[in-house]
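Each chain gets a letter, A, B and so on, in the order the sequences are listed, and its residues count up from 1.
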Amino acid sequence: MLEQDTSGSEVWEAESLLLEQGKPYVVEAPSGRGKTSLLSVIYGIRTDYQGLVYLDDRDLSSFSSKEWSKIRKNKLSFIFQGLELFDELTAMENIQLKNRITAYHSDERIMEMARLLGIDPFLQRKAGILSFGQQQRVAIIRALCQPFNFLLADECFSHMDRENSLTAYKLIREECEAREAGLILTSLNETGLPNIDHSLKL
Amino acid sequence: MRLLYQILWKDHSRVHLLGAFLGTLAGFVLLLAGIQFYMDLKAVLSENRDLLDPEYIVINKKVNIGNTLGLTGGGFSEEEIAEIKAQPFADQVAAFNSNKFPVQAYTEGEQVPNFITDLFFEAIPDEFIDVKSEDWKWDPEKGTIPVIIPQDYLNLYNFGFAPSQGLPQIPKGVLSMINFKLRLQGQGRGNYDDYNGRIVGFSNRVSSILVPLDFLEWANEKYGYFEKNDPSQIILVSKDPTDPSIIRFLEERNYDTIREKLKSSRMNIILKFVLSFLVLVAAIIIGLAFLVFLLSLQLMISRSSEKIRRLNKLGFHYREISRPYILLLFLLMAGITGLSLLLTSILAGQLHQTAEAWSLDISSSLHGVIYGTALGLILLITASNVAAILISTKKLCK
(Lines give C-alpha, C1' and ligand atoms only; values in the text may rest on other atoms or scores of the structure.)
Protein backbone atom coordinates (compact mmCIF):
# COMPACT_ATOMS: atom_id res chain seq x y z
CA MET A 1 0.00 0.00 0.00
CA LEU A 2 1.44 3.29 -1.05
CA GLU A 3 -0.10 6.43 0.31
CA GLN A 4 1.07 9.79 -0.88
CA ASP A 5 0.02 13.35 -0.50
CA THR A 6 1.55 15.62 -3.17
CA SER A 7 0.82 17.30 -6.53
CA GLY A 8 -1.62 16.04 -9.18
CA SER A 9 -1.08 12.60 -10.57
CA GLU A 10 -2.50 9.11 -10.48
CA VAL A 11 0.07 8.15 -7.92
CA TRP A 12 0.79 11.22 -5.84
CA GLU A 13 -2.84 12.41 -5.75
CA ALA A 14 -4.45 9.10 -4.95
CA GLU A 15 -5.84 8.65 -1.47
CA SER A 16 -4.11 5.33 -1.41
CA LEU A 17 -2.39 3.07 -3.85
CA LEU A 18 -1.78 -0.63 -3.58
CA LEU A 19 1.06 -2.26 -5.48
CA GLU A 20 0.68 -6.01 -5.48
CA GLN A 21 3.44 -8.54 -5.49
CA GLY A 22 3.60 -10.62 -8.66
CA LYS A 23 2.25 -7.90 -10.94
CA PRO A 24 4.19 -5.72 -13.36
CA TYR A 25 3.64 -1.97 -13.24
CA VAL A 26 4.87 0.67 -15.62
CA VAL A 27 5.12 4.23 -14.40
CA GLU A 28 5.14 6.63 -17.31
CA ALA A 29 5.87 10.31 -17.12
CA PRO A 30 8.10 12.97 -18.59
CA SER A 31 11.17 14.14 -16.67
CA GLY A 32 10.70 15.82 -13.33
CA ARG A 33 7.43 14.18 -12.40
CA GLY A 34 8.96 12.14 -9.61
CA LYS A 35 9.51 8.68 -11.04
CA THR A 36 12.83 8.22 -9.34
CA SER A 37 11.44 9.81 -6.17
CA LEU A 38 8.66 7.23 -6.07
CA LEU A 39 11.11 4.34 -6.33
CA SER A 40 13.51 5.96 -3.87
CA VAL A 41 10.75 6.32 -1.31
CA ILE A 42 9.82 2.66 -1.68
CA TYR A 43 13.51 1.67 -1.45
CA GLY A 44 14.03 3.73 1.71
CA ILE A 45 16.61 6.08 0.23
CA ARG A 46 14.35 9.13 0.44
CA THR A 47 12.49 9.91 3.61
CA ASP A 48 11.37 13.44 2.84
CA TYR A 49 7.76 12.61 2.09
CA GLN A 50 4.44 13.09 3.82
CA GLY A 51 2.04 10.25 4.27
CA LEU A 52 2.57 6.64 5.05
CA VAL A 53 4.26 3.90 3.05
CA TYR A 54 3.87 0.28 4.02
CA LEU A 55 5.92 -2.67 2.95
CA ASP A 56 3.94 -5.80 3.74
CA ASP A 57 2.35 -4.59 6.96
CA ARG A 58 5.04 -2.34 8.26
CA ASP A 59 5.56 1.37 7.98
CA LEU A 60 8.79 2.00 6.07
CA SER A 61 9.94 4.60 8.58
CA SER A 62 9.96 1.96 11.30
CA PHE A 63 12.74 -0.08 9.70
CA SER A 64 16.18 0.04 11.24
CA SER A 65 19.35 0.30 9.17
CA LYS A 66 19.91 -3.39 9.74
CA GLU A 67 16.44 -4.22 8.50
CA TRP A 68 16.91 -2.03 5.44
CA SER A 69 20.08 -3.92 4.59
CA LYS A 70 18.17 -7.17 4.80
CA ILE A 71 15.28 -5.81 2.73
CA ARG A 72 17.72 -4.66 0.04
CA LYS A 73 19.33 -8.07 -0.02
CA ASN A 74 16.14 -10.15 0.05
CA LYS A 75 12.97 -8.20 -0.68
CA LEU A 76 13.63 -5.22 -2.90
CA SER A 77 16.04 -4.88 -5.77
CA PHE A 78 16.77 -1.67 -7.59
CA ILE A 79 18.11 -0.94 -11.07
CA PHE A 80 19.28 2.62 -10.55
CA GLN A 81 18.94 5.23 -13.21
CA GLY A 82 22.43 6.37 -12.30
CA LEU A 83 23.50 2.69 -12.39
CA GLU A 84 25.68 2.97 -9.24
CA LEU A 85 28.39 0.75 -10.66
CA PHE A 86 31.97 0.85 -9.40
CA ASP A 87 34.14 2.10 -12.24
CA GLU A 88 37.31 0.56 -10.81
CA LEU A 89 35.83 -2.94 -10.70
CA THR A 90 35.27 -5.09 -13.76
CA ALA A 91 31.75 -5.71 -14.99
CA MET A 92 31.88 -9.20 -13.51
CA GLU A 93 33.15 -7.95 -10.16
CA ASN A 94 30.32 -5.42 -10.06
CA ILE A 95 27.84 -8.23 -10.52
CA GLN A 96 29.58 -10.45 -7.98
CA LEU A 97 29.67 -7.69 -5.40
CA LYS A 98 25.97 -8.44 -5.09
CA ASN A 99 25.92 -12.10 -5.92
CA ARG A 100 28.52 -12.98 -3.29
CA ILE A 101 26.45 -11.59 -0.43
CA THR A 102 23.29 -13.31 -1.65
CA ALA A 103 24.82 -16.36 -3.37
CA TYR A 104 21.71 -16.34 -5.52
CA HIS A 105 23.01 -17.27 -8.96
CA SER A 106 25.76 -19.58 -10.08
CA ASP A 107 28.61 -18.15 -12.16
CA GLU A 108 27.23 -20.12 -15.07
CA ARG A 109 23.82 -18.48 -14.80
CA ILE A 110 25.46 -15.06 -14.67
CA MET A 111 27.45 -15.88 -17.80
CA GLU A 112 24.25 -17.07 -19.47
CA MET A 113 22.43 -13.84 -18.69
CA ALA A 114 25.41 -11.82 -19.89
CA ARG A 115 25.46 -13.77 -23.12
CA LEU A 116 21.74 -13.20 -23.56
CA LEU A 117 22.21 -9.45 -23.19
CA GLY A 118 25.27 -9.47 -25.41
CA ILE A 119 27.77 -8.19 -22.82
CA ASP A 120 29.70 -11.43 -22.19
CA PRO A 121 32.76 -10.18 -24.11
CA PHE A 122 33.04 -7.20 -21.76
CA LEU A 123 32.69 -8.90 -18.40
CA GLN A 124 36.39 -8.69 -17.56
CA ARG A 125 36.65 -5.03 -18.50
CA LYS A 126 36.50 -2.22 -16.00
CA ALA A 127 32.95 -0.97 -15.77
CA GLY A 128 34.16 2.60 -16.17
CA ILE A 129 35.24 2.11 -19.76
CA LEU A 130 32.03 0.44 -20.97
CA SER A 131 29.38 2.38 -22.85
CA PHE A 132 26.35 3.53 -20.88
CA GLY A 133 24.16 0.99 -22.66
CA GLN A 134 26.54 -1.81 -21.70
CA GLN A 135 26.71 -0.53 -18.15
CA GLN A 136 22.90 -0.55 -17.99
CA ARG A 137 22.91 -4.23 -18.82
CA VAL A 138 25.55 -4.90 -16.15
CA ALA A 139 23.35 -3.09 -13.63
CA ILE A 140 20.34 -5.15 -14.74
CA ILE A 141 22.16 -8.44 -14.22
CA ARG A 142 23.47 -7.26 -10.86
CA ALA A 143 19.93 -6.39 -9.72
CA LEU A 144 18.79 -9.87 -10.69
CA CYS A 145 21.42 -11.53 -8.50
CA GLN A 146 19.29 -11.59 -5.36
CA PRO A 147 15.92 -12.71 -4.10
CA PHE A 148 13.24 -10.00 -4.15
CA ASN A 149 9.50 -9.43 -3.91
CA PHE A 150 9.68 -6.30 -6.01
CA LEU A 151 12.13 -5.17 -8.64
CA LEU A 152 12.39 -1.42 -9.05
CA ALA A 153 13.69 -0.55 -12.50
CA ASP A 154 14.35 3.12 -13.11
CA GLU A 155 14.52 3.89 -16.84
CA CYS A 156 16.74 0.90 -17.26
CA PHE A 157 16.46 0.66 -21.06
CA SER A 158 17.11 4.32 -21.81
CA HIS A 159 20.39 3.72 -23.65
CA MET A 160 19.56 0.47 -25.38
CA ASP A 161 18.13 -0.12 -28.81
CA ARG A 162 14.68 -1.60 -29.21
CA GLU A 163 15.93 -5.15 -29.73
CA ASN A 164 18.21 -5.14 -26.70
CA SER A 165 15.52 -3.52 -24.59
CA LEU A 166 13.05 -6.26 -25.43
CA THR A 167 15.58 -8.99 -24.66
CA ALA A 168 16.44 -7.38 -21.33
CA TYR A 169 12.77 -6.85 -20.53
CA LYS A 170 12.08 -10.48 -21.28
CA LEU A 171 14.86 -11.58 -18.97
CA ILE A 172 13.60 -9.29 -16.23
CA ARG A 173 10.06 -10.65 -16.55
CA GLU A 174 11.32 -14.23 -16.45
CA GLU A 175 13.33 -13.58 -13.34
CA CYS A 176 10.40 -11.82 -11.67
CA GLU A 177 8.06 -14.68 -12.48
CA ALA A 178 10.54 -17.17 -11.12
CA ARG A 179 10.36 -15.28 -7.80
CA GLU A 180 6.64 -14.48 -8.15
CA ALA A 181 7.78 -10.92 -7.70
CA GLY A 182 6.32 -7.61 -8.72
CA LEU A 183 7.97 -5.15 -11.06
CA ILE A 184 7.81 -1.39 -11.06
CA LEU A 185 9.34 -0.01 -14.19
CA THR A 186 9.61 3.66 -14.90
CA SER A 187 9.83 5.08 -18.37
CA LEU A 188 9.90 8.46 -20.05
CA ASN A 189 7.38 7.52 -22.71
CA GLU A 190 5.02 4.87 -23.94
CA THR A 191 7.23 1.84 -23.92
CA GLY A 192 5.16 -0.51 -25.96
CA LEU A 193 6.49 -3.30 -23.81
CA PRO A 194 4.42 -6.46 -24.01
CA ASN A 195 2.38 -7.99 -21.21
CA ILE A 196 2.01 -4.90 -19.10
CA ASP A 197 -1.45 -4.62 -17.69
CA HIS A 198 -0.90 -1.97 -15.04
CA SER A 199 0.15 1.42 -16.19
CA LEU A 200 0.36 4.36 -13.83
CA LYS A 201 0.51 7.96 -14.93
CA LEU A 202 2.51 10.27 -12.73
CA MET B 1 34.69 -9.74 1.22
CA ARG B 2 37.57 -9.01 -1.08
CA LEU B 3 35.71 -6.69 -3.44
CA LEU B 4 34.65 -4.46 -0.59
CA TYR B 5 38.27 -4.01 0.47
CA GLN B 6 39.27 -3.39 -3.13
CA ILE B 7 36.71 -0.62 -3.40
CA LEU B 8 37.25 1.10 -0.06
CA TRP B 9 41.01 0.75 0.40
CA LYS B 10 41.59 2.48 -2.91
CA ASP B 11 40.91 5.87 -1.39
CA HIS B 12 43.57 5.89 1.30
CA SER B 13 46.23 8.52 1.50
CA ARG B 14 49.55 6.77 1.81
CA VAL B 15 51.28 9.87 3.13
CA HIS B 16 48.73 10.49 5.86
CA LEU B 17 48.61 6.90 7.02
CA LEU B 18 52.39 6.55 6.93
CA GLY B 19 52.78 9.79 8.88
CA ALA B 20 50.28 8.66 11.48
CA PHE B 21 51.94 5.25 11.65
CA LEU B 22 55.45 6.61 12.11
CA GLY B 23 54.33 9.29 14.55
CA THR B 24 52.51 6.85 16.75
CA LEU B 25 55.41 4.43 16.51
CA ALA B 26 57.88 7.12 17.59
CA GLY B 27 55.68 8.11 20.51
CA PHE B 28 55.29 4.51 21.57
CA VAL B 29 59.00 3.74 21.43
CA LEU B 30 59.80 6.88 23.40
CA LEU B 31 57.24 6.04 26.05
CA LEU B 32 58.05 2.34 26.34
CA ALA B 33 61.81 2.86 26.31
CA GLY B 34 61.40 5.58 28.94
CA ILE B 35 59.50 3.29 31.25
CA GLN B 36 61.92 0.42 30.62
CA PHE B 37 64.99 2.50 31.46
CA TYR B 38 63.36 4.08 34.46
CA MET B 39 62.57 0.68 35.90
CA ASP B 40 66.06 -0.61 35.10
CA LEU B 41 67.79 2.29 36.77
CA LYS B 42 65.46 2.16 39.72
CA ALA B 43 66.36 -1.49 40.13
CA VAL B 44 70.07 -0.68 39.91
CA LEU B 45 69.75 2.06 42.52
CA SER B 46 68.19 -0.25 45.01
CA GLU B 47 69.94 -3.44 44.03
CA ASN B 48 72.46 -3.38 46.88
CA ARG B 49 69.60 -3.05 49.22
CA ASP B 50 67.67 -6.01 50.31
CA LEU B 51 63.98 -5.32 50.65
CA LEU B 52 64.23 -6.59 54.22
CA ASP B 53 67.27 -4.48 54.93
CA PRO B 54 66.13 -0.91 55.38
CA GLU B 55 68.43 2.06 55.34
CA TYR B 56 69.74 3.65 58.54
CA ILE B 57 70.18 7.35 58.25
CA VAL B 58 72.01 9.38 60.87
CA ILE B 59 71.06 13.03 60.77
CA ASN B 60 72.42 16.03 62.59
CA LYS B 61 71.98 19.76 62.39
CA LYS B 62 74.34 21.65 60.16
CA VAL B 63 77.03 23.27 62.24
CA ASN B 64 77.12 27.03 61.89
CA ILE B 65 79.04 29.85 63.47
CA GLY B 66 76.26 30.34 66.00
CA ASN B 67 77.03 26.91 67.41
CA THR B 68 80.70 27.79 67.63
CA LEU B 69 79.98 30.91 69.62
CA GLY B 70 77.57 29.02 71.83
CA LEU B 71 74.59 31.19 70.81
CA THR B 72 72.47 28.38 69.43
CA GLY B 73 72.28 24.77 70.40
CA GLY B 74 73.31 22.09 67.95
CA GLY B 75 70.90 19.56 69.35
CA PHE B 76 67.44 18.39 68.48
CA SER B 77 64.65 19.57 70.75
CA GLU B 78 61.87 17.24 71.76
CA GLU B 79 59.50 18.93 69.31
CA GLU B 80 61.95 18.45 66.49
CA ILE B 81 62.38 14.79 67.32
CA ALA B 82 58.62 14.35 67.44
CA GLU B 83 58.35 15.99 64.02
CA ILE B 84 60.92 13.63 62.55
CA LYS B 85 59.10 10.70 64.08
CA ALA B 86 55.91 11.85 62.40
CA GLN B 87 57.43 11.74 58.90
CA PRO B 88 56.03 8.96 56.74
CA PHE B 89 59.48 7.82 55.64
CA ALA B 90 60.72 7.42 59.22
CA ASP B 91 59.82 3.94 60.34
CA GLN B 92 61.91 4.01 63.53
CA VAL B 93 63.61 6.94 65.14
CA ALA B 94 66.03 7.12 68.04
CA ALA B 95 67.99 9.98 69.55
CA PHE B 96 71.59 9.50 70.66
CA ASN B 97 72.15 9.43 74.41
CA SER B 98 75.40 10.87 75.60
CA ASN B 99 77.44 10.74 78.78
CA LYS B 100 76.76 13.32 81.50
CA PHE B 101 80.12 12.86 83.17
CA PRO B 102 83.78 13.10 82.11
CA VAL B 103 85.39 9.98 80.69
CA GLN B 104 89.06 9.25 80.23
CA ALA B 105 90.65 6.36 78.48
CA TYR B 106 94.18 5.27 79.22
CA THR B 107 96.45 2.28 78.78
CA GLU B 108 98.83 0.68 81.19
CA GLY B 109 101.21 -2.19 81.03
CA GLU B 110 104.22 -3.18 78.95
CA GLN B 111 102.84 -4.22 75.57
CA VAL B 112 101.47 -0.93 74.42
CA PRO B 113 102.66 2.65 74.65
CA ASN B 114 100.98 4.50 77.46
CA PHE B 115 98.51 7.17 76.57
CA ILE B 116 95.59 8.98 78.12
CA THR B 117 92.77 10.81 76.43
CA ASP B 118 89.45 12.44 77.22
CA LEU B 119 86.59 10.61 75.64
CA PHE B 120 82.85 10.74 75.08
CA PHE B 121 80.23 8.05 74.81
CA GLU B 122 77.02 7.83 72.95
CA ALA B 123 74.39 5.13 72.93
CA ILE B 124 71.49 4.09 70.78
CA PRO B 125 69.21 1.07 70.96
CA ASP B 126 70.91 -2.10 69.78
CA GLU B 127 68.63 -2.62 66.79
CA PHE B 128 70.13 0.47 65.17
CA ILE B 129 73.68 -0.81 65.38
CA ASP B 130 75.31 -2.65 62.49
CA VAL B 131 77.75 -4.59 64.67
CA LYS B 132 76.52 -7.84 66.09
CA SER B 133 78.81 -9.18 68.77
CA GLU B 134 78.57 -11.60 71.65
CA ASP B 135 80.51 -9.17 73.78
CA TRP B 136 78.16 -6.27 73.14
CA LYS B 137 76.54 -6.28 76.51
CA TRP B 138 77.06 -4.58 79.84
CA ASP B 139 77.59 -6.86 82.77
CA PRO B 140 78.14 -4.88 86.02
CA GLU B 141 79.61 -7.99 87.64
CA LYS B 142 82.45 -8.26 85.13
CA GLY B 143 82.98 -4.54 84.83
CA THR B 144 84.15 -4.58 81.22
CA ILE B 145 82.69 -1.88 79.02
CA PRO B 146 82.28 -2.90 75.36
CA VAL B 147 82.92 -0.09 72.91
CA ILE B 148 82.21 0.25 69.23
CA ILE B 149 84.24 2.77 67.27
CA PRO B 150 83.69 3.94 63.71
CA GLN B 151 85.46 1.99 61.00
CA ASP B 152 86.60 5.39 59.74
CA TYR B 153 88.74 5.95 62.86
CA LEU B 154 90.69 2.79 62.22
CA ASN B 155 91.02 3.64 58.55
CA LEU B 156 92.32 7.09 59.40
CA TYR B 157 95.01 5.56 61.55
CA ASN B 158 95.92 2.63 59.31
CA PHE B 159 95.94 4.44 56.02
CA GLY B 160 96.74 7.98 57.03
CA PHE B 161 98.48 8.41 60.30
CA ALA B 162 100.50 5.17 60.65
CA PRO B 163 102.22 5.19 57.22
CA SER B 164 103.18 8.85 57.54
CA GLN B 165 104.64 8.41 61.04
CA GLY B 166 106.39 5.11 60.39
CA LEU B 167 104.08 3.32 62.82
CA PRO B 168 102.77 -0.21 62.28
CA GLN B 169 99.28 -0.74 60.91
CA ILE B 170 96.87 -2.45 63.25
CA PRO B 171 94.39 -5.07 62.08
CA LYS B 172 90.89 -5.08 63.61
CA GLY B 173 91.50 -8.29 65.50
CA VAL B 174 94.57 -6.95 67.25
CA LEU B 175 92.88 -3.74 68.24
CA SER B 176 90.05 -5.74 69.76
CA MET B 177 92.55 -7.58 71.95
CA ILE B 178 94.07 -4.45 73.42
CA ASN B 179 92.92 -3.81 76.91
CA PHE B 180 92.55 -0.27 78.09
CA LYS B 181 91.08 1.39 81.10
CA LEU B 182 88.13 3.70 81.22
CA ARG B 183 87.89 6.14 84.10
CA LEU B 184 84.39 7.41 84.79
CA GLN B 185 84.54 10.60 86.79
CA GLY B 186 81.70 11.53 89.09
CA GLN B 187 81.16 14.92 90.71
CA GLY B 188 83.78 15.86 93.26
CA ARG B 189 87.45 14.99 93.60
CA GLY B 190 88.32 11.35 93.94
CA ASN B 191 84.88 10.23 93.02
CA TYR B 192 85.80 7.97 90.14
CA ASP B 193 85.96 4.33 89.13
CA ASP B 194 88.13 2.51 86.63
CA TYR B 195 86.72 -0.09 84.32
CA ASN B 196 88.17 -2.30 81.65
CA GLY B 197 87.33 -1.24 78.12
CA ARG B 198 87.34 -3.35 75.03
CA ILE B 199 86.67 -2.57 71.40
CA VAL B 200 84.16 -5.17 70.20
CA GLY B 201 83.42 -3.86 66.76
CA PHE B 202 83.71 -1.22 64.10
CA SER B 203 80.69 0.54 62.76
CA ASN B 204 80.19 1.70 59.22
CA ARG B 205 76.91 3.26 60.08
CA VAL B 206 77.47 5.43 63.10
CA SER B 207 80.20 8.02 63.43
CA SER B 208 80.47 7.96 67.16
CA ILE B 209 81.96 6.06 70.08
CA LEU B 210 79.19 3.73 71.14
CA VAL B 211 78.56 1.95 74.40
CA PRO B 212 75.55 -0.19 75.29
CA LEU B 213 72.48 1.88 76.09
CA ASP B 214 71.81 0.13 79.39
CA PHE B 215 75.36 0.80 80.52
CA LEU B 216 75.14 4.48 79.66
CA GLU B 217 71.83 4.85 81.46
CA TRP B 218 73.29 3.14 84.49
CA ALA B 219 76.47 5.23 84.40
CA ASN B 220 74.60 8.50 83.90
CA GLU B 221 72.55 7.61 86.91
CA LYS B 222 75.64 6.87 88.97
CA TYR B 223 78.14 9.49 87.86
CA GLY B 224 76.21 12.00 85.77
CA TYR B 225 76.07 15.63 86.82
CA PHE B 226 76.13 17.57 83.50
CA GLU B 227 73.01 19.45 82.56
CA LYS B 228 70.78 17.64 80.16
CA ASN B 229 71.84 18.27 76.57
CA ASP B 230 69.64 17.96 73.52
CA PRO B 231 70.86 15.02 71.47
CA SER B 232 72.97 16.18 68.57
CA GLN B 233 72.35 13.17 66.37
CA ILE B 234 69.25 11.25 65.43
CA ILE B 235 69.22 7.87 63.80
CA LEU B 236 66.26 6.79 61.76
CA VAL B 237 65.29 3.73 59.77
CA SER B 238 63.61 4.06 56.44
CA LYS B 239 62.24 1.14 54.51
CA ASP B 240 62.54 3.06 51.28
CA PRO B 241 65.65 5.19 51.28
CA THR B 242 65.02 6.05 47.62
CA ASP B 243 61.99 8.03 48.76
CA PRO B 244 62.65 11.55 47.49
CA SER B 245 60.72 13.10 50.38
CA ILE B 246 63.59 12.23 52.75
CA ILE B 247 66.00 14.53 51.04
CA ARG B 248 63.38 17.24 50.66
CA PHE B 249 62.61 17.13 54.36
CA LEU B 250 66.26 17.31 55.34
CA GLU B 251 66.87 20.25 53.03
CA GLU B 252 63.82 22.12 54.28
CA ARG B 253 64.86 21.72 57.92
CA ASN B 254 68.52 22.39 57.18
CA TYR B 255 69.50 19.01 58.59
CA ASP B 256 72.58 17.18 57.47
CA THR B 257 73.42 13.58 56.87
CA ILE B 258 76.01 11.50 55.08
CA ARG B 259 75.05 12.40 51.56
CA GLU B 260 76.31 9.18 50.03
CA LYS B 261 73.52 7.26 51.65
CA LEU B 262 70.85 9.41 50.12
CA LYS B 263 72.35 9.43 46.68
CA SER B 264 69.67 7.08 45.46
CA SER B 265 67.01 9.36 46.85
CA ARG B 266 68.53 12.24 44.95
CA MET B 267 68.91 10.14 41.80
CA ASN B 268 65.31 9.13 42.18
CA ILE B 269 64.20 12.74 42.11
CA ILE B 270 66.18 13.37 38.93
CA LEU B 271 64.97 10.15 37.36
CA LYS B 272 61.38 10.92 38.15
CA PHE B 273 61.75 14.36 36.66
CA VAL B 274 63.37 13.02 33.50
CA LEU B 275 60.78 10.29 33.21
CA SER B 276 57.84 12.64 33.65
CA PHE B 277 59.32 14.90 31.00
CA LEU B 278 59.76 11.94 28.70
CA VAL B 279 56.24 10.72 29.35
CA LEU B 280 54.90 14.19 28.69
CA VAL B 281 56.71 14.41 25.36
CA ALA B 282 55.65 10.89 24.45
CA ALA B 283 52.07 11.67 25.43
CA ILE B 284 52.04 14.76 23.21
CA ILE B 285 53.48 12.81 20.29
CA ILE B 286 51.07 9.93 20.79
CA GLY B 287 48.18 12.37 21.15
CA LEU B 288 49.06 14.16 17.91
CA ALA B 289 49.67 10.92 16.06
CA PHE B 290 46.35 9.64 17.33
CA LEU B 291 44.66 12.74 15.89
CA VAL B 292 46.40 12.23 12.56
CA PHE B 293 45.22 8.63 12.62
CA LEU B 294 41.68 9.62 13.32
CA LEU B 295 41.70 12.32 10.66
CA SER B 296 43.37 10.10 8.04
CA LEU B 297 40.74 7.43 8.47
CA GLN B 298 37.98 10.02 8.48
CA LEU B 299 39.42 11.57 5.33
CA MET B 300 39.55 8.16 3.74
CA ILE B 301 35.92 7.60 4.64
CA SER B 302 34.79 10.97 3.38
CA ARG B 303 36.70 10.46 0.13
CA SER B 304 34.76 7.23 -0.27
CA SER B 305 31.46 8.69 0.85
CA GLU B 306 29.86 8.24 -2.58
CA LYS B 307 30.96 4.63 -2.71
CA ILE B 308 29.75 4.02 0.82
CA ARG B 309 26.30 5.41 -0.05
CA ARG B 310 26.30 3.23 -3.15
CA LEU B 311 27.24 0.11 -1.20
CA ASN B 312 24.52 0.93 1.28
CA LYS B 313 22.02 1.18 -1.60
CA LEU B 314 23.12 -2.26 -2.73
CA GLY B 315 22.20 -3.66 0.67
CA PHE B 316 25.45 -3.42 2.63
CA HIS B 317 24.99 -2.52 6.26
CA TYR B 318 27.23 0.20 7.63
CA ARG B 319 28.90 -2.33 9.89
CA GLU B 320 29.90 -4.38 6.88
CA ILE B 321 31.10 -1.25 5.14
CA SER B 322 33.25 -0.19 8.11
CA ARG B 323 35.00 -3.55 8.25
CA PRO B 324 37.73 -2.70 5.72
CA TYR B 325 38.55 0.47 7.67
CA ILE B 326 38.63 -1.40 10.96
CA LEU B 327 40.85 -4.09 9.48
CA LEU B 328 43.21 -1.44 8.14
CA LEU B 329 43.27 0.12 11.60
CA PHE B 330 43.98 -3.26 13.20
CA LEU B 331 46.83 -3.95 10.80
CA LEU B 332 48.43 -0.57 11.46
CA MET B 333 47.98 -0.92 15.22
CA ALA B 334 49.40 -4.43 15.22
CA GLY B 335 52.35 -3.10 13.24
CA ILE B 336 52.87 -0.31 15.75
CA THR B 337 52.63 -2.66 18.72
CA GLY B 338 55.02 -5.19 17.22
CA LEU B 339 57.54 -2.67 15.94
CA SER B 340 57.54 -0.53 19.06
CA LEU B 341 58.09 -3.57 21.30
CA LEU B 342 60.83 -4.78 18.95
CA LEU B 343 62.57 -1.40 18.86
CA THR B 344 62.26 -0.98 22.62
CA SER B 345 63.75 -4.39 23.28
CA ILE B 346 66.60 -3.62 20.86
CA LEU B 347 67.24 -0.42 22.81
CA ALA B 348 67.01 -2.37 26.07
CA GLY B 349 69.55 -4.86 24.69
CA GLN B 350 71.89 -2.01 23.80
CA LEU B 351 71.57 -0.51 27.26
CA HIS B 352 72.14 -3.94 28.75
CA GLN B 353 75.44 -4.25 26.89
CA THR B 354 76.56 -0.76 27.85
CA ALA B 355 75.59 -1.35 31.46
CA GLU B 356 77.49 -4.61 31.54
CA ALA B 357 80.64 -2.71 30.73
CA TRP B 358 80.01 -0.72 33.92
CA SER B 359 79.15 -3.98 35.66
CA LEU B 360 75.62 -2.86 36.31
CA ASP B 361 72.97 -5.50 36.25
CA ILE B 362 70.30 -4.29 33.85
CA SER B 363 67.70 -6.60 32.40
CA SER B 364 67.92 -7.19 28.68
CA SER B 365 64.29 -8.26 28.46
CA LEU B 366 61.29 -5.99 28.68
CA HIS B 367 59.43 -5.48 31.94
CA GLY B 368 55.85 -6.71 32.17
CA VAL B 369 54.65 -3.15 32.66
CA ILE B 370 55.87 -2.37 29.14
CA TYR B 371 53.58 -4.94 27.58
CA GLY B 372 50.72 -3.77 29.74
CA THR B 373 51.22 -0.12 28.81
CA ALA B 374 51.55 -0.90 25.11
CA LEU B 375 48.46 -3.07 25.13
CA GLY B 376 46.40 -0.59 27.11
CA LEU B 377 47.27 2.34 24.87
CA ILE B 378 46.72 0.35 21.69
CA LEU B 379 43.34 -0.77 22.92
CA LEU B 380 42.41 2.79 23.80
CA ILE B 381 43.48 4.20 20.43
CA THR B 382 41.91 1.33 18.52
CA ALA B 383 38.63 1.49 20.39
CA SER B 384 38.19 5.22 19.89
CA ASN B 385 39.08 4.93 16.19
CA VAL B 386 36.66 2.04 15.71
CA ALA B 387 33.95 4.14 17.33
CA ALA B 388 34.74 7.07 15.04
CA ILE B 389 34.69 4.83 11.95
CA LEU B 390 31.33 3.34 12.90
CA ILE B 391 29.84 6.75 13.59
CA SER B 392 30.95 8.28 10.31
CA THR B 393 29.97 5.31 8.13
CA LYS B 394 26.63 5.18 9.85
CA LYS B 395 26.06 8.83 9.00
CA LEU B 396 26.48 8.05 5.31
CA CYS B 397 24.08 5.13 5.33
CA LYS B 398 20.31 4.81 5.44
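Note that A:Arg72 lies outside the cation-pi zone of A:Phe78, set by a 6.0 Å cut-off to the ring centre and a 45° limit from the axis.
Side chain to side chain, A:His105 and A:Gln96 fail the donor-acceptor criterion of an N or O pair below 3.5 Å. Under 3.5 Å, the side chains of A:Ser37 and A:Arg46 contain a donor-acceptor pair of N or O atoms. No hydrogens or angles considered: a donor-acceptor pair under 3.5 Å links the side chains of A:Thr36 and A:Gln81.
Among A:Thr102, A:Leu76, A:Leu85, A:Asn74, the residue with the largest count of heavy-atom pairs under 4.5 Å with chain B is A:Leu85. Between chain B and the options A:Ser77, A:Ser65, A:Gly44, heavy-atom pairs under 4.5 Å are most frequent for A:Ser65.
Looking at A:Ile45, both its backbone and its side chain come within 4.5 Å of chain B, counting heavy atoms on both sides. For B:Glu320, the part lying under 4.5 angstrom from a heavy atom of chain A is the side chain only. Contact of A:Tyr43 with chain B is made through the side chain alone, with heavy-atom distances under 4.5 Å. Using a 4.5 Å cut-off between heavy atoms, B:Arg309 makes no contact with chain A at all. If you measure heavy-atom distances from B:Lys10 to chain A, the contacts under 4.5 Å come from the side chain alone.
Screening A:Lys98, A:Lys75, A:Lys73, A:Arg179 against A:Gln146 for a side-chain hydrogen bond (donor to acceptor under 3.5 Å, both in side chains) leaves a single residue, A:Lys98.
Aromatic ring orientation, B:Phe273 versus B:Phe277: parallel (interplanar angle below 30°, classes split at 30° and 60°).
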